[in-house]
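Read through the structure below, which is laid out as structure tokens, and then see the notes.
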Amino acid sequence: MKIFNSLTKSAFLFSVILTFTLSLAAQTVDEGKALFSANCTSCHSMKDRIVGPALKDAHKRHDEAWMIKWIKNSQALIKSGDPVAVKLLADYNGSVMTAFENLSDVQIKSVIAYIKAESENPTADKASTETKTAGVAPDSNLVTRINWLLIIISILLIWVISLVFSILSLISDIQGKPVINWNFLNSKFSLVFFVVGMIAVIWEFYVHGPLTVFNEGPASAHGINYDNMFMITLILTGIVFVITQALLFWYGYKYKSDGKRKALYYPDNHKIEFWWTIIPAVVLTILVIKGLITWTEMTTHSSLEARRVEVFGYQFNWATRYAGADNKLGNHDFRQVGKINLLGVDTNDSKAYDDIIVSNELHFEVNTPVILAFRAKDVIHSAYMPHFRVQMNVVPGLPTYFAFTPTVTTREMRIKMKKPGFDYILLCNKICGAAHYNMKMKVVVETKSEYESYLKSQTPLVASKITNSPKAVALK
Amino acid sequence: MSDHTLHAEHAEHEDHGHHKESFISKYIFSMDHKMISRQFLITGIIMGTIGMLMSLIFRLQLAYPDMRFPFLEGIIGHWGKDGKLDPNFYLALITIHGTIMVFFVLTAGLSGTFSNLLIPLQCGARDMASPFLNMLSYWFFFMSSCVLLFSLFVKDGPASAGWTVYPPLSALPSAIPGSGMGMTLWLVSMILFIGSALLGGINYIATVLNMRTKGMKMTRLPLTIWAFLMTAVLGLLSFPVLLGGSLLLVFDRSFGTSFYLSEIVAEFAGGIERTGGSPILFQHLFWFLGHPEVYIILLPALGITSEVIATNSRKPIFGYRAMIASILAIAVLSFIVWGHHMFITGMNPFLGSVFMLGTLIIAVPSAVKTFNYLATLWRGNLKLTPAMMFAIGLVSFFISGGLTGIYLGNAALDINLHDTYFVVAHFHLVMGSAAIFGMMSGIYHWYPKLFGRMLNETAGQIHFWLTFISAYCVFFPMHFMGLAGVPRRYYANTAYDQFNVFVDMNQFITIAALIGGAAQLIFLINFFYSMFKGKRTVQNPWNSNTLEWTAPVEHYHGNWLGEIPHVYRWPYDYSKPGAERDFIPQNVPDEGQTDPMEEPHVAPVERREKAIPVEA
């Protein structure tokens, strides 16, 4: 009885511990997933080699302690002569993995837990194989065969063409005149090319025009001016394009040599030349003036009530910093960039204490001016938000900014575009390394209340009220 | 060959000491401008073929990002493991493709070939001012090409920071593997290349200014020579700036200076904190060359087009003086517009306004040139040879690509278009395709002068149409990708829902590019086959006016066997009323004209029509 009692007791205890650890494990996996998508997906996927290796079963290939060392600072590990690390670098053609010294051991462990869970997840695996068979990647053998076939066909084609040429030139030698009258053919082709080409241009505008960002209109206040400027330029250049190309190919058709006519000796006409210098000059003056007005409007701003947000670029991700309650961004100092302080926020500046740092997501409040400040850690990036008509280079050592007002919330834009899954994006648009093409961030425009509750849900740098002593900074 | 007798003949007419030419002095270390021109051309064609093949590889990646191409592993080894292009090597390919095309093909291959061939022949000179410098210019170019190609084989791959090599990406090997040894070799190659361009440029200018034959006033020079002259001036003034910029980059990379580095943490910069410089400084230095470079590429092509269009329209070029004026205007303006590449670097907006003004003004001389070409075609007697078709193609590309320049030169519009596919479309049309077409036009037109044989016409025409159509199919749709915000230099767009809609377009572009590439095969076969087996040419196959066609078909060191022809008229006396034939070469004495020195041509048509009845 006693034994039974103690058994039930211990069983109960065991089950409690089990559920607790299980829930803890689930929690770590979730945290790992969040960290993974924020930090790793630029260069890694679970099943495919992209910039870095596929991470499926990575936990089986390396032990945890090694992985923590590698993720924190792979360069140091390589320098220490670790054979596995050296080989990994060589296998991936010298691509250096970004050092994640800002992640704690616990965080890295949760990422590893996520990788483990994902590797063992049969549904993910199944899904990936399904897409493989149904998707675009065909049997590599078939591709090789098609390649060889193509090469053989092209060699045959070249051979046949050269045969035809030699026969034609033989005939023309015998007849004493060229077999093909290219003068005649080219004049006809020239006309056909123009007509077909213009139809193709119209078709392009009709089919691909709606895919451009001009279709749904701008999502910012200055974007309206931008789009007007663009349309004026499009119309003026469009007219010139059609007229000049038409004349070019029409003349090519009309004035071909027929062996009877003589060309008109017409070397000069000052009157015509005067006019066709003046007219483009006047049209361009209009464009210049309109352009200067648009440009000046875009680049001047009143800074008083604008919100301040900083966008920080580093290989290969973005981070954002909101100014907090005082609407002042704390100073920064690149020498403090390091283990925990990824953005190099100046820990001695009390303005920084209420700043909020978020990785990989950018939120705006609709219809509120914002001054976006940009900084980079390593190389030049460029923050490009096509829907807002915003772009600015993000340069290490040279803080830049762009002031604008978002006017359409994400929700409104989804309805407007009839795409429920749509999200604004911020892209890196300056070549910055191997994973440049994956360096992106989701941008959300929301209402005032949503924006405020979003910020409230984030933790400021110093969670408690600012203490008197600046030494007591939670960053350390 | 009857080399000896030719030289004996040659020596009779000239006091030139005759020396025995060995294989090496004739074909390799030649100081004859015609041979150097052929060397430039063939090296340029080889480099161009390599550059084009690179573009086909990365086009395959862009069209089929999920497909595997096992043959890649055979070509590029570990960079194409399992038939998948490595993202680092993708960036290396676009970098080297850009470098090769801009510098090695369209600068050296185009200007090097035709300046060398035509400046002495069209000015009426026995050779360049300094044949030795000319030879050095080629060999510097050759070494530079070799170094660049060698860099493809280093362990960490060639330079990968884009052809504009902006630091810090290009300065720090920890940023991208290609910024190690590959980047060093890129810089060495570029410094050698600048040496070549400067040696060539000095020579071209000296020859045009000092060695024109009797009667060849500046206002009687063919427009080709005007274009080459201004090209050389542009190169001479701007290439040294790139040399300086490159040297500072070498210092930053190899000697620990920080001209271009600011606020770079120690771990990222190899253990030493790097601060105090400015990454934007490099962009200023680079584009101070980079923008004139666009015109270094384009002006020779426009010069060639002027000559080819006039000859094959059998009409004088319309507005000869306006054409010269617009060349000069473009050359001067090209120096004050470089900032339009940097509107969004955080430059002072006022500076942006200034650069925008300058940039849009360039459109005026460009428009004048286009209208003048159209007016030259108007009521002409067009001989639609391959050279002429390529020249017409150039005008078409120049219009299409030039007009999009009005968008990009506008600082406001540039904000959303900068570094997107719109830019790729723009410069591939206006400076890529247009300049390549100018070069092709030149090759088809002067092939008889270069090699004494004719190219096969049918092959040339097929080459033209395939290239022309495929170039438009490749670059025109890219505008729309740019307007949708697709950035350039992206290895794949698969991560973006908005860009996935362009999968079809990307495949279409790649197929068009492959067809365009195959068309170049026709050209290559035609080019090398005709060199040995082509039909022999007559002295003046196109009935052209310029002096090069008065020189014998065989190449002599000294160009003309007898005295250098004198020049009596401008080069565009085509279909002149009263003349027997529809062309009057420049060396034909002019009797009827009142003051040939002052008037390059007779009065405009209305006045002449009035004048003729009075004379009759």
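FYI, side chains are in, hydrogens and waters are out, and symmetry mates aren't considered; it's all heavy atoms of this structure. Remember, predicted model here, so these are calculated numbers, not experimental data.
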Next on the checklist: I'd like to know whether A:Asn429 forms a side chain to side chain contact (heavy atoms under 4.5 Å, CB included) with B:Thr420, so could you lay out the CA-CA distance, the side-chain angles of the two residues, the decisive distance to 0.1 Å, and finally the verdict.
Outcome noted: CA-CA 8 Å; A:Asn429 197 15; B:Thr420 63; 4.3 Å; yes

Checklist entry - Would A:Tyr226 and B:Leu413 count as a side chain to side chain contact (heavy atoms under 4.5 Å, CB included) if you check the C-alpha gap in whole Å, the side-chain angles of each, and the deciding distance to 0.1 Å? => result CA-CA 7 Å; A:Tyr226 182 96; B:Leu413 292 183; 3.9 Å; yes

Next on the checklist: Apply side chain to side chain contact (heavy atoms under 4.5 Å, CB included) to residues A:Trp182 and B:Glu457 and explain how you reach the verdict.
Outcome noted: CA-CA 9 Å; A:Trp182 276 105; B:Glu457 198 200 347; 3.6 Å; yes

Next on the checklist: Using side chain to side chain contact (heavy atoms under 4.5 Å, CB included), reason through A:Trp276 and B:Asn372 one step at a time and then give a plain yes or no.
Outcome noted: CA-CA 10 Å; A:Trp276 74 36; B:Asn372 283 359; 3.1 Å; yes

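Residue contact with chain B, scored on non-hydrogen atoms closer than 4.5 Å, involves the side chain of A:Val395 exclusively. In this structure, chain A has a heavy atom under 4.5 Å from the backbone of B:Ser174, while its side chain stays farther away. Within the 4.5 angstrom heavy-atom criterion, atoms from both the backbone and the side chain of A:Ser187 approach chain B. Residue A:Met229 touches chain B through both its backbone and its side chain, counting heavy-atom pairs closer than 4.5 Å. With a 4.5 Å cut-off on non-hydrogen atoms, B:Met505 touches chain A through its side chain but not through its backbone. Only the backbone of A:Asp423 comes within less than 4.5 Å of a heavy atom of chain B; no side-chain atom from C-beta onward does. Interface remark: B:Phe318 contributes backbone and side-chain atoms alike to the contact with chain A (heavy atom separation under 4.5 Å). Heavy-atom distances place both the backbone and the side chain of A:Phe205 under 4.5 Å from chain B. Within the 4.5 angstrom heavy-atom criterion, atoms from both the backbone and the side chain of A:Glu204 approach chain B. Residue B:Tyr166 touches chain A through its side chain alone, counting heavy-atom pairs closer than 4.5 Å. Looking at B:Ser313, only its backbone comes within 4.5 Å of chain A, counting heavy atoms on both sides. For a residue to count as touching a neighbouring chain, one of its non-hydrogen atoms must lie under 4.5 Å from one of that chain's; by this rule A:Phe230 touches chain B with backbone and side chain alike. Looking at B:Ala269, neither its backbone nor its side chain comes within 4.5 Å of chain A, counting heavy atoms on both sides. Only the side chain of A:Phe422 comes within contact range of chain B, judged by heavy atoms closer than 4.5 Å. At a 4.5 Å heavy-atom cutoff, the contact between B:Leu91 and chain A is made by side-chain atoms alone. For B:Asp86, the part lying under 4.5 angstrom from a heavy atom of chain A is the side chain only. Of the atoms belonging to A:His387, it is side-chain heavy atoms, and not backbone ones, that fall under 4.5 Å from chain B. Neither the backbone nor the side chain of B:Pro365 comes within contact range of chain A, judged by heavy atoms closer than 4.5 Å. With a 4.5 angstrom heavy-atom cutoff, B:Trp465 touches chain A only via side-chain atoms. Residue contact with chain A, scored on non-hydrogen atoms closer than 4.5 Å, involves the backbone and the side chain of B:Ile415 alike. Contact of B:Ser396 with chain A is made through backbone and side chain together, with heavy-atom distances under 4.5 Å. Only the side chain of B:Lys81 comes within less than 4.5 Å of a heavy atom of chain A; its backbone N, CA, C and O stay farther away. In this structure, the portions of B:Leu360 lying under 4.5 Å from any heavy atom of chain A include both its backbone and its side chain.
In this pair, B:Phe468 and A:Phe249 present their aromatic rings tilted. The plane angle is within the 30 to 60° band. A tilted orientation is assigned to the rings of A:Phe193 and B:Tyr472, their planes being inclined by 30° to 60°. In this pair, B:Phe343 and A:Trp295 present their aromatic rings tilted. The plane angle is within the 30 to 60° band. Between A:His208 and B:Phe480, the ring planes are tilted. Angles from 30° to 60° get that label.
Between B:Ala495 and A:Lys440, the closest heavy-atom pair is CB-NZ, 3.8 Å. Closest non-hydrogen pair, B:Leu382 versus A:Gly252, comes out as CD1-CA, 3.8 Å. Minimum interatomic distance between A:Met385 and B:Asn416 (heavy atoms only, all atoms of both residues): O-OD1, 4.1 Å. Taking each heavy atom of A:Ile431 and B:Ser160 in turn, the nearest pair found is CD1-O, 3.6 Å. Shortest non-hydrogen contact noted between A:Val337 and B:Val265 is CB-CG1, 3.7 Å. When all heavy atoms of A:Leu398 and B:Ile280 are compared, the closest pair comes out as CD2-CG1, 3.7 Å.
Partner A:Val240 forms a side chain to side chain contact (heavy atoms under 4.5 Å, CB included) with one of B:Ile406, B:Thr370, B:Leu403 and no other, that one being B:Leu403.
Comparing B:Phe476, B:Tyr64, B:Phe89, B:Phe502 by how many heavy-atom pairs each has under 4.5 Å with chain A, the most go to B:Phe476. Of the residues considered (A:Leu211, A:Leu247, A:Leu185), A:Leu211 shows the highest number of contacts with chain B, using heavy-atom pairs under 4.5 Å. For chain A, the option among B:Gly162, B:Ala411, B:Cys473, B:Ser278 with the highest count of heavy-atom pairs below 4.5 Å is B:Ala411. Listed options B:His418, B:His479, B:Met481 were ranked by heavy-atom pairs under 4.5 angstrom with chain A; first place goes to B:His418. When A:Gly223, A:Pro399, A:Gly433, A:Pro280 are compared by the number of non-hydrogen pairs under 4.5 Å with chain B, A:Gly433 comes out ahead. Among the candidates A:Val213, A:Val283, A:Val164, the residue making the largest number of heavy-atom pairs closer than 4.5 Å to chain B is A:Val213. Of the listed residues (A:Leu234, A:Asp258, A:Asn225), the one with the most heavy-atom contacts under 4.5 Å to chain B is A:Leu234. Ranking A:Gly397, A:Pro386, A:Ser257 against chain B, the residue ahead of the rest is A:Ser257, based on heavy-atom pairs under 4.5 Å. Looking only at heavy-atom pairs under 4.5 Å with chain B, the residue among A:Thr299, A:Thr400, A:Thr294, A:Thr244 that has the most is A:Thr244.
Looking at heavy atoms from C-beta onward, A:Ile380 lies out of side-chain contact with B:Leu169 at the 4.5 angstrom threshold. At least one side-chain heavy atom of A:Val379 sits less than 4.5 Å from a side-chain heavy atom of B:Phe268. The shortest side-chain heavy-atom distance between B:Asp497 and A:Lys419 does not fall under the 4.5 Å cut-off.
Remark: side-chain polar atoms of A:Gln315 are paired, donor with acceptor, to backbone N or O of B:Ala175 under 3.5 angstrom. The closest donor-acceptor contact from the side chain of A:Arg261 to the backbone of B:Gly380 lies under 3.5 Å.
Residues A:Tyr437 and B:Tyr90 place their aromatic rings such that the two centres sit no closer than 6.0 Å.
Between A:Lys430 and B:Asp419 there is a salt bridge, since at least one side-chain N of the basic residue sits less than 4.0 Å from a carboxylate O of the acidic one.
In this structure, a donor-acceptor pair under 3.5 Å is absent between the side chains of A:Asn438 and B:Tyr491.
Annotation for B:Arg379: atom CZ does not count as buried by contact number, only 12 or fewer foreign heavy atoms lying within 6.0 Å.
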